A.B. asks: 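This is the structure, below, for whatever I ask next.
Computed from heavy atoms alone, side chains included, the values below leave out hydrogens, waters and symmetry copies. What you are looking at is a predicted structure, and each value in this text was computed from that prediction instead of being measured.
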Amino acid sequence: MDKEFALVAVNYVDKEQQPNNVINLQFYYWFSKNGKKDIGEPPAILDSGLVEYSRSQIEKYIQNKGYLKAVVRDTIVIKKKKAQLIFTTVEGPMFRIRKFADSIADKRADSLYKSNPAVFANVRPGNRFDTDSLSAARDGFYLVMKRNGYYDFYRQYITFNYDSTFNKGVVDIKMVIDNPDGKSAHPIYRMNNTLISIYRSNGRATGKADTIQVDSQFRFVDFSHKFAPHTVIDYVFQKKGQLYDIDKQALTTTRLSALNVFRNVPNPQYTKLKGDTNLLDSKIEIIPLKQMSDRVEGEFLFNAGQIGYSFGNTFTDRNLFKQAAILQIKLNASVLYNNSGNPVNPGGVENQDFTAGVTLTYPRIISPFNFAKPGKYGVPHTTFSSNYSLFFQDSLVKRQSFVNSITYDFFETPDKQHIITPIDIEFSKGTIDPIAKDSLLKQNRYSYVYLIGRTIFTTGSQYSYVLNANKLNTYTDFVYFRSNLDVGGNTLWLISKILNTPKDTLGERTLFSYPFAQYAKGEVDLRFYKSLGGDRQFIFRINPGLGIPYGNSTQLIFEKNFYSGGSNDMRGWLPRTLGPGQFNRASYGVGPKADTTRAWLQYLDQFGEIKIITNTEYRYKIDGDFFGSVLRGAVFMDAGNIWRLHKTTENPNGQFSINTLPQSVAMDIGSGLRFDLGFFVFRLDAAFKFKDPEFDGSDQWVLIKHFNELFHSGPFKEEYEATNGATYAFMQLNFGIGMPF
């Protein structure tokens, strides 16, 4: 059998006669007791009837691929109570198309056939005879007709008659497109009036409705009393007088669903007007979601003796101002408790984080410039956002920030999305504990005081380009690309130069008595998705980034730096605990004073202006019904780090250098489970540090060199705790919602 068909032919073997997945079978043996639990995959039992069925299906498949005289034989080899199935194919001659003729009674249909040659590209003379190609051509021309007003056209009108009696490996094909019985042509329909009915959220059409005759086409009936007519009408793409078009029908349904305010948007219903008018009235019946909703979320962290939790609440109004504008108010509070070895506040609260945000998203572009029409390739949005955050670290710092922005997002094509933030205003204020500030200054750690303790503001603009985000939940081969550019402070710098505003003690210009930041920051997320058949997939990702302060700034503001670790990049490390470069927190020294400084700056001193993260992940399906979810598995490896742009005294060995790049790259390996519930994915990953750049030479390969201390204490962990003031954790568990990338 040709290799072209061999891999596909395996799919025609009955599933009960295919070898078990080793992992799925082991799950069955572990958890399925007496067949009462459907976990994993029961062992496949040989069934001669299913073997014969599989043989005949493979034979039909090969014959349909042009080998009309193909014969498939099966052989069963049994050894040690295991059966091996061997299917042998004698293909015979491959039949090619000699002639392709047509008989189309409808002249306009014949014109459409001749103007769409690509639909029949695989059934031309000289090509291999393939019944799958005939089916694809039938489906393709059916859609051509449905796009051009043929509302009543069906696939059954298209038939292929073929003659293979020449015994010379050739086939003559004749395509026939019949007219409806008793008619000389297929009728062509145009759109007439449209009735839009919006029911209550319980699905009922009760009570008095808001009824509006919008124009000569649209009649709007709203039993919910919550929608303005144009909120829906703007996304109905079949206009009065136009030919019926099945693509516009699908586009209407898709875009109305994408507004995220309706629970049920079925395809429009059509009614032919009485008489010989060839006009279609359409009816769209919609059930809205509940306007108000509230979601509570929580997380719990346990790692190396540290515990913490976060609690969040999201309130959503899905239809503000009757325009499908979505208002969200988010509140989140998190607390991290330190372990008893922390010298600053043993066993107490280490840091607290509180955020509050309000976003208002309109499903249209609100701008004097009409640069994105509603819904052609996706629903465009205008988002007004205002966020406040408060970070408090005991005995060190309190940081507050306010961020306000306007963002537009729209689709250039179904695969290409643009996200533009023309204005982003950020104000941040840091207040350092006087004792901590005095101690840090005495240690010449002014850079940290400057980073976390100053008050600064900036205005900026951001732009993102996204390719193939619509394919992320598929198992096809594709490339995902996202690039972000963030530039800030240039307008403020120009204003300050024109007004000749005063400079502060550091020589930075100020506006309204505050210095402003000037910077440029770029980041790329490039991924290659490769399907391995079925639900198996391989992904490679590279995620570099670079931030540069310039002009009025010598250092990026705290919130603009890169950090590493966490459930979406370097999964073997907690967030903000990797890098920069080969920086080791043991460089603070040994003793109570060093331990106090380390505790103060934990999660604050590991940042950088450069980031390079790579990930590889193999994903596979374990069980199709695991307590109501699809259970999937993953094996992964992460590599990368963050670096300082220049050599700094506070992060020794933290600067980026090509010469030391191999030594400064971190690596982790791990595996995980994904519980796919359909509407979201719950994820659990276990990652192990494999190469840790904070050490030197062969000591970096921590998993190999200290494998015996993976789950037990020993000399390595004891020495690390003595010099770093913290317990070394080889493994990190990550709980998350959604896929890591």
Side-chain angles (χ1 to χ4, degrees), residues 440-441 443-454 484 486 488 506-508 517-524 542-566 569-570 572-589 594 597-598 600-614 638-668 689-702 720 723-724 726:
L440 290 172
L441 290 176
Q443 298 176 57
N444 294 318
R445 299 190 181 276
Y446 177 76
S447 181
Y448 287 126
V449 175
Y450 180 69
L451 177 70
I452 64 177
R454 63 175 176 162
N484 302 312
D486 182 359
L506 298 175
E508 296 182 357
Q518 201 171 358
Y519 65 91
K521 181 181 178 181
E523 187 174 359
V524 169
I542 181 168
N543 178 209
L546 172 66
I548 301 175
Y550 63 91
N552 205 50
S553 299
T554 58
Q555 185 173 338
L556 290 177
I557 61 177
F558 181 78
E559 289 77 12
K560 297 295 180 181
N561 281 286
F562 291 110
Y563 302 89
S564 190
D569 54 31
M570 297 299 298
W573 281 261
L574 280 171
R576 298 175 178 260
T577 63
L578 173 61
Q582 291 185 262
F583 171 64
N584 190 322
R585 301 188 81 239
S587 62
Y588 286 101
T597 303
R598 250 193 306 267
W600 276 336
L601 299 179
Q602 191 172 15
Y603 308 115
L604 301 176
D605 58 357
Q606 295 183 266
F607 63 91
E609 297 89 353
I610 300 173
K611 175 179 79 168
I612 303 176
I613 301 293
T614 62
D638 309 317
N641 206 336
I642 55 171
W643 291 266
R644 299 301 306 270
L645 192 59
H646 305 291
K647 187 176 182 179
T648 60
T649 56
E650 63 267 19
N651 292 123
N653 299 318
Q655 72 275 14
F656 181 84
S657 171
I658 294 294
N659 296 330
T660 61
L661 183 61
Q663 292 79 27
S664 60
V665 169
M667 295 174 60
D668 65 57
K689 294 183 178 71
F690 190 73
K691 178 178 179 287
D692 193 338
E694 66 179 313
F695 304 113
D696 296 318
S698 62
D699 290 335
Q700 291 188 338
W701 304 96
V702 290
Y720 185 86
T723 57
N724 287 266

A.B. asks: Please lay out, stage by stage, how Phe656 and Ile658 fare under the test side chain to side chain contact (heavy atoms under 4.5 Å, CB included).
C.D. replies: CA-CA 7 Å; Phe656 181 84; Ile658 294 294; 4.0 Å; yes
A.B. asks: Is there side-chain contact between Pro549 and Thr554, with heavy atoms separated by less than 4.5 Å?
C.D. replies: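 Side-chain contact under 4.5 Å: no.
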A.B. asks: Not counting sequence neighbours, which residues clear salt bridge (Lys or Arg N to Asp or Glu O under 4.0 Å) with Arg598? List them please.
C.D. replies: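 Counting only residues at least two positions away or on another chain, Arg598 forms a salt bridge (Lys or Arg N to Asp or Glu O under 4.0 Å) with Asp595.
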A.B. asks: Check for a donor-acceptor pair, side chain of Lys521 on one end and backbone N or O of Lys560 on the other, with a separation under 3.5 Å.
C.D. replies: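 Side chain of Lys521 to backbone of Lys560, a donor-acceptor pair under 3.5 Å: yes, one is there.
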A.B. asks: Hey, what do you get for CG (Asp569) to CD1 (Ile612), rounding to the nearest 0.5 Å?
C.D. replies: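 So the gap between those two atoms works out to 13.0 Å.
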A.B. asks: Roughly how far apart are His646 NE2 and Ile610 CD1, rounded to 0.5 Å?
C.D. replies: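 Nearest 0.5 Å value for the NE2-CD1 distance: 8.5 Å.
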A.B. asks: Per the side chain to side chain contact (heavy atoms under 4.5 Å, CB included) rule, which among Leu604, Leu601, Leu441 passes with Tyr448?
C.D. replies: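 So, applying the side chain to side chain contact (heavy atoms under 4.5 Å, CB included) to Tyr448 and each of Leu604, Leu601, Leu441, only Leu601 qualifies.
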A.B. asks: Hey, does the side chain of Asn641 reach the backbone of Ala666 with a donor-acceptor pair shorter than 3.5 angstrom?
C.D. replies: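 Pair absent, no side-chain N/O of Asn641 close to backbone of Ala666.
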A.B. asks: Without swapping roles, check the side chain of Lys647 against the backbone of Gln655 for a donor-acceptor pair under 3.5 Å.
C.D. replies: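 Looks like no, no N/O pair under 3.5 Å.
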A.B. asks: If you round to the nearest 0.5 Å, how far is CD of Gln700 from CG of Asp692?
C.D. replies: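 Reported to 0.5 Å precision, the distance equals 7.5 Å.
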A.B. asks: Would you check if there is a donor-acceptor pair between the side chains of Gln443 and Thr597 at a distance under 3.5 Å?
C.D. replies: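 Indeed, the side chains of Thr597 and Gln443 share at least one donor-acceptor pair under 3.5 Å.
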A.B. asks: For the residue pair Trp643 and Ser664, what are the closest heavy atoms and their distance?
C.D. replies: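 Distance-wise, the nearest heavy atoms are NE1-OG, 2.9 Å.
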A.B. asks: At what distance, to the nearest 0.5 angstrom, does OH of Tyr450 lie from CD1 of Ile452?
C.D. replies: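 Interatomic distance, Tyr450 OH to Ile452 CD1, rounded to 0.5 Å: 13.5 Å.
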A.B. asks: Which pair of non-hydrogen atoms, one from Phe583 and one from Glu650, has the smallest distance, and what is that distance?
C.D. replies: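 Residues Phe583 and Glu650, closest heavy atoms: CE1-O, 3.7 Å.
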A.B. asks: Between Asn543 (side chain only) and Ile613 (backbone N and O only), is there a donor and an acceptor less than 3.5 Å apart?
C.D. replies: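 Here the side-chain-to-backbone pair does not exist.
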A.B. asks: Which atom pair, heavy atoms only, marks the closest approach of Lys689 to Gly572?
C.D. replies: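 For Lys689 versus Gly572, the nearest heavy atoms are NZ-O, 3.1 Å.
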A.B. asks: Which pair of non-hydrogen atoms, one from Met667 and one from Trp573, has the smallest distance, and what is that distance?
C.D. replies: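 Met667 and Trp573 have their closest heavy atoms at O-CH2, 3.6 Å.
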A.B. asks: Rounded to the nearest 0.5 Å, what's the gap from OG on Ser587 to CD on Gln582? Could you check?
C.D. replies: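 Here the interatomic distance stands at 12.5 Å.
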A.B. asks: To the nearest 0.5 Å, tell me how far Leu574 CG sits from Tyr603 OH.
C.D. replies: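 The distance works out to 6.0 Å.
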A.B. asks: Please answer whether the main-chain N or O of Val665 pairs with a side-chain N or O of Lys691 as donor and acceptor at a distance below 3.5 Å.
C.D. replies: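 Between the backbone of Val665 and the side chain of Lys691 there is a qualifying donor-acceptor contact (under 3.5 Å).
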A.B. asks: May I ask you to decide if the ring planes of Tyr563 and Phe607 are parallel, tilted or perpendicular, using 30° and 60° as cut-offs?
C.D. replies: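 The rings of Tyr563 and Phe607 sit tilted, inter-plane angle from 30° to 60°.
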A.B. asks: Where do Leu578 and Ile642 land on the side chain to side chain contact (heavy atoms under 4.5 Å, CB included) test, with the steps shown first?
C.D. replies: CA-CA 8 Å; Leu578 173 61; Ile642 55 171; 5.8 Å; no
A.B. asks: List the residues meeting side chain to side chain contact (heavy atoms under 4.5 Å, CB included) with Asn724, not counting sequence neighbours, and say none if there are none.
C.D. replies: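 With sequence neighbours excluded, Asn724 shows a side chain to side chain contact (heavy atoms under 4.5 Å, CB included) to Asn584, Arg585, Ala586, Glu694, Tyr720, given in chain and number order.
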A.B. asks: How far apart are the C-alpha atoms of Glu609 and Ile548, what are their side-chain angles, what is the distance that settles it, and do they pass the side chain to side chain contact (heavy atoms under 4.5 Å, CB included) test?
C.D. replies: CA-CA 7 Å; Glu609 297 89 353; Ile548 301 175; over 6 Å; no
A.B. asks: Answer yes or no: is there a side-chain heavy-atom contact under 4.5 Å between Leu451 and Asn561?
C.D. replies: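 SC-SC contact between Leu451 and Asn561 confirmed.
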A.B. asks: Looking only at non-hydrogen atoms, find the nearest pair between Ser564 and Met570 and report the distance.
C.D. replies: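 Nearest heavy atoms, Ser564 then Met570: OG-CG, 3.4 Å.
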A.B. asks: Under the salt bridge (Lys or Arg N to Asp or Glu O under 4.0 Å) rule, collect the residues that match up with Asp699, sequence neighbours excluded.
C.D. replies: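 Partners of Asp699 under the salt bridge (Lys or Arg N to Asp or Glu O under 4.0 Å) test: Lys705.
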A.B. asks: Taking the side chain as C-beta and beyond, is there a heavy-atom pair between Thr614 and Ile542 under 4.5 Å?
C.D. replies: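 Yes, side chains in contact.
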A.B. asks: Decide, yes or no, whether a salt bridge links Asp605 with Arg445 under the criterion of side-chain N to carboxylate O below 4.0 Å.
C.D. replies: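 No, this pair does not count.
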